[in-house]
Enquirer: 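What follows is a single structure, and I will ask about it in a moment.
Side-chain atoms are counted along with the backbone in the values below, which use heavy atoms only and exclude waters and symmetry mates. Counting begins at 1 with the first residue of the sequence. Atoms within each ligand, like the ligands themselves, are counted from 1 in listed order.
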Amino acid sequence: MPKARILVADDDKAVLNMCVRTLERAGHEVTGVESGPEALSCARARSFDLFITDLRMPQMTGLEACRAMHDLNPHVGMIIMTAFGSMESAIEALEIGVSQFVLKPFRPGKLLAAVERALAKRQREWENARLRTLVPLLDLSRAFMHSTDLASIPKCVVRIAKEETQASSASVMLLDGDVLTIHAAEGLPPDVVAETRQKADEGIAGYAIVHREPLVLEGDLKHDARFQPQEGSKRIETAVSLPLIHKNEILGVLNVSKMGKGSTFTKANVEFLSILASQAAAAIDNARLFREIQDAYERLEELDHLKSEFISIASHELRAPLTVLLAYATLLGTQAPGSMREHLDQVVGSAMQLKSVIDEMISLQRIDTGQTQMNLTHVDIKSALNHAVDELKPLAKSKEQIISVGSIPQATVRADEQMLDLILRNLVSNAIKFTPEEGTISLSAESREQEIIVTLRDTGVGIPQEKLGRIFERFYQAEKALRREHGGIGLGLAIAREMAELMDGRIWAESEVGKGSTFYLSLPREQ
Ligand code: ADP
């Protein structure tokens with residue numbers, strides 16, 4: 001049993017001395033007095049864990065002393081010592097909170113046993129009270145953790161604050177600029193809730209905000225300059241206002257009040273409300289953050305939608321006139337004489353470049369809308385590689401690059417022929433584009449049990465490590481757009497990856513700046 005502070009009152013000096021000695025020997029800190037009024041003045045000066053009193057004393061009876069003691073400190077444990085036959089007041093004593101009786105005359109052991117029981121009961125009550133406070137807080141923090149709804153948090157806080165402190169009213173006011181408005185309330189007239197608009201430094205709420213600490217007001221609030229009673233709150237006897245602070249920012253206040261004479265908030269009430277206010281502030285801040293992220297996400301989605309819409313319209317609107325332009329330019333090229341043919345070849349070349357950009361945009365849009373038509377067949381990997389390389393050889397030649405197809409196993413992949421051709425051409429044309437003149441580009445393939453891996457190595461500019469992970473993103477280009485010397489809009493690799501994945505394949509890259517890049521394409525092997 002831990003050491004306790006015990007106050008003993010008995011007008012019989014012999015009994016009093018015996019009690020004090022017994023308890024002191026058991027290690028307690030004991031104060032002995034000979035009357036009820038003396039006991040009360042001691043209890044006013046310092047708090048005790050236990051009060052042991054004789055029942056019959058002149059001036060003030062033990063029962064009266066117990067009642068006053070309980071009013072002073074509701075948590076004090078109480079024991080009554082009484083002679084046999086004077087137990088008529090036992091029920092009343094129990095109601096006041098007396099937990100043990102010791103029948104006189106008694107041996108020291110009996111007193112010690114009663115003290116032990118009273119202290120254990122007090123400890124249990126104290127733990128229960130704490131648990132009762134903790135359980136709603138725990139439930140609340142769990143609810144808050146999952147709450148992203150800004151409107152429901154103040155409501156929940158108000159309900160719990162009012163219930164747990166048996167208050168008459170509670171409200172949460174939130175700051176908007178420097179104006180406080182009520183976001184949730186219980187026990188206040190609806191018009192007060194709807195119409196209250198208060199400057200952030202006015203009233204008790206303003207006081208709590210300015211001083212950044214809970215304000216507890218008791219007594220006649222009408223005469224307190226900091227508090228102007230609102231309609232419906234005239235009989236308020238005591239009020240608490242707690243600032244809602246999170247990460248040093250004031251979000252608003254929690255106001256709780258009680259009406260009627262003598263109603264007060266205990267220290268435990270204020271402690272509970274302080275924890276509630278800090279949890280509420282964190283939850284409100286979280287919910288606001290969540291809403292901001294959601295708004296930003298919605299804006300992004302909207303922008304993304306607009307961008308897709310733009311790509312879709314632009315690509316389709318450009319395609320038709322471009323096809324006509326290409327057809328006529330090609331036709332004229334075949335018929336035009338000498339230098340004019342050269343000019344027309346340039347027109348066709350530029351129009352082809354434009355067409356490849358438009359084709360990329362259309363492919364992407366088809367992937368997005370699920371309109372990509374796929375025809376999976378057995379494709380011979382060797383001929384697929386040769387086809388892509390043959391088509392782009394003239395381009396490599398114009399840069400005096402060496403492009404070669406190395407050892408290729410005799411194997412087939414399960415793929416859409418056109419898609420595979422598009423992926424390979426994208427990879428090879430990138431290799432040509434990002435490799436300086438006289439560089440080397442080599443292709444090879446390796447057959448594994450389930451897959452065939454195509455490897456494309458170049459001796460080009462390379463890609464910085466930190467950008468390597470992003471080159472397959474749409475519109476991502478490793479070099480800054482304005483400093484680019486190469487054509488393209490950053491869609492080729494994104495399309496290649498999405499198409500590879502549509503065919504159950506994978507695509508990835510390794511690179512070293514200044515040394516070159518290696519791109520890998522894996523596709524399911526046809527057995
Ligand atoms: P685009 O070629 O139109 O810019 P891609 O999607 O094909 O778009 O490629 C994205 C980016 O990846 C390129 O802008 C370039 O920065 C980088 N890249 C692609 N292939 C290579 C390569 N072989 N060598 C160096 N950088 C490359």
Enquirer: Can you confirm, on distance only, whether ligand 1 has an N/O atom lying under 3.5 Å from any N/O atom belonging to Phe519?
Expert: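 No; every N/O pair is 3.5 Å or more apart.
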
Enquirer: Could you list the atoms of ligand 1 found under 4.0 angstrom from a heavy atom of Lys433?
Expert: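 Close to Lys433: 1 (P), 2 (O), 3 (O).
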
Enquirer: State plainly whether the residues Arg197 and Glu202 are in salt-bridge range, i.e. N to O under 4.0 Å.
Expert: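 Between Glu202 and Arg197 there is no salt bridge, as every charged N stays at least 4.0 Å from the carboxylate O atoms.
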
Enquirer: Please state whether Phe472 comes within less than 4.0 angstrom of ligand 1, counting heavy atoms only.
Expert: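 Contact check Phe472 vs ligand 1: negative.
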
Enquirer: Side chains of Ser257 and Ser169: any donor to acceptor distance under 3.5 Å?
Expert: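 Yes, because at least one side-chain N or O of Ser169 sits under 3.5 Å from a partner of the opposite role on Ser257.
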
Enquirer: Flag Tyr476 as yes when one of its N or O atoms lies below 3.5 Å from any N or O atom of ligand 1, and as no otherwise.
Expert: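 Checking ligand 1 against Tyr476, no N or O pair falls under 3.5 Å apart.
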
Enquirer: Could you tell me whether Lys467 approaches ligand 1 through its side chain, its backbone, both or neither, with non-hydrogen atoms closer than 4.0 Å?
Expert: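 It is neither; nothing of Lys467 touches ligand 1.
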
Enquirer: May I ask you to say whether Arg425 pairs ionically with Glu391, meaning some side-chain N is under 4.0 Å from a carboxylate O?
Expert: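 Salt bridge between Arg425 and Glu391, a charged N being under 4.0 Å from a carboxylate O: yes.
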
Enquirer: Judging by distance only, is a nitrogen or oxygen of Ala494 under 3.5 angstrom from one on ligand 1?
Expert: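 No: no nitrogen or oxygen of Ala494 is under 3.5 Å from one in ligand 1.
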
Enquirer: Below 3.5 Å, can you tabulate the donor-acceptor pairs from side chains in residues 302-313 to any protein atom, sequence neighbours excluded?
Expert:
unit_1, atom_1, unit_2, atom_2, d
Asp304, OD1, Lys307, NZ, 3.3
Ser308, OG, Asp304, O, 2.9
Ser312, OG, Gln365, NE2, 3.2

Enquirer: Once you restrict to heavy atoms under 4.0 Å, what part of Leu493 touches ligand 1? Side chain, backbone, both or neither.
Expert: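 Both of them.
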
Enquirer: Under 4.0 Å from any heavy atom of Gly488, which atoms of ligand 1 are there?
Expert: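 By the 4.0 Å cutoff, the relevant atoms are 3 (O).
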
Enquirer: Using a 4.0 Å heavy-atom cut-off, say whether Leu491 meets ligand 1 through its side chain, its backbone, both or neither.
Expert: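 The backbone, only.
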
Enquirer: Quick check: Ile489 and ligand 1, any N/O pair under 3.5 Å apart?
Expert: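 Such a contact does occur with ligand 1.
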
Enquirer: Show me the side-chain donor-acceptor pairs of residues 173-183 shorter than 3.5 Å, one per line, residues at least two apart or across chains.
Expert:
unit_1, atom_1, unit_2, atom_2, d
Thr181, OG1, His183, NE2, 3.4

Enquirer: If you measure from the Lys or Arg side-chain nitrogens to the Asp or Glu carboxylate oxygens, is any gap between Asp368 and Arg474 under 4.0 Å?
Expert: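 The answer is yes: the pair qualifies as a salt bridge.
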
Enquirer: Consider only side-chain N and O atoms of Asp380 and Ser383, and report whether a donor and an acceptor are under 3.5 Å apart.
Expert: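 Yes, Ser383 and Asp380 have a side-chain donor paired with an acceptor closer than 3.5 Å.
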
Enquirer: Quick check: does Gly490 get an N/O under 3.5 Å from an N/O on ligand 1?
Expert: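 Yes, since at least one N or O of Gly490 sits under 3.5 Å from an N or O of ligand 1.
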
Enquirer: Select one of side chain, backbone, both or neither to describe which atoms of Ala478 lie under 4.0 Å from any atom of ligand 1, heavy atoms only.
Expert: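 Contact part for Ala478 vs ligand 1: both backbone and side chain.
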
Enquirer: Can you find a non-hydrogen atom of Gly460 under 4.0 Å from ligand 1?
Expert: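 Checking ligand 1 against Gly460, which is what was asked, there is no heavy-atom contact under 4.0 Å.
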
Enquirer: Looking at Arg506 and Glu451, is any side-chain nitrogen of the basic one under 4.0 Å from a carboxylate oxygen of the acidic one?
Expert: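 Judged by the 4.0 Å cut-off on N to carboxylate O distance, Glu451 and Arg506 do form a salt bridge.
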
Enquirer: Given Glu479, Gln477, Arg474, which has its nearest heavy atom closest to atom 16 (O) of ligand 1?
Expert: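 The residue whose heavy atom sits nearest atom 16 (O) of ligand 1 is Glu479.
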
Enquirer: Looking only at the side chains, is there a donor atom on one of Gln123 and Glu127 sitting less than 3.5 Å from an acceptor on the other?
Expert: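 Gln123 vs Glu127: donor-acceptor pair found between side chains.
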
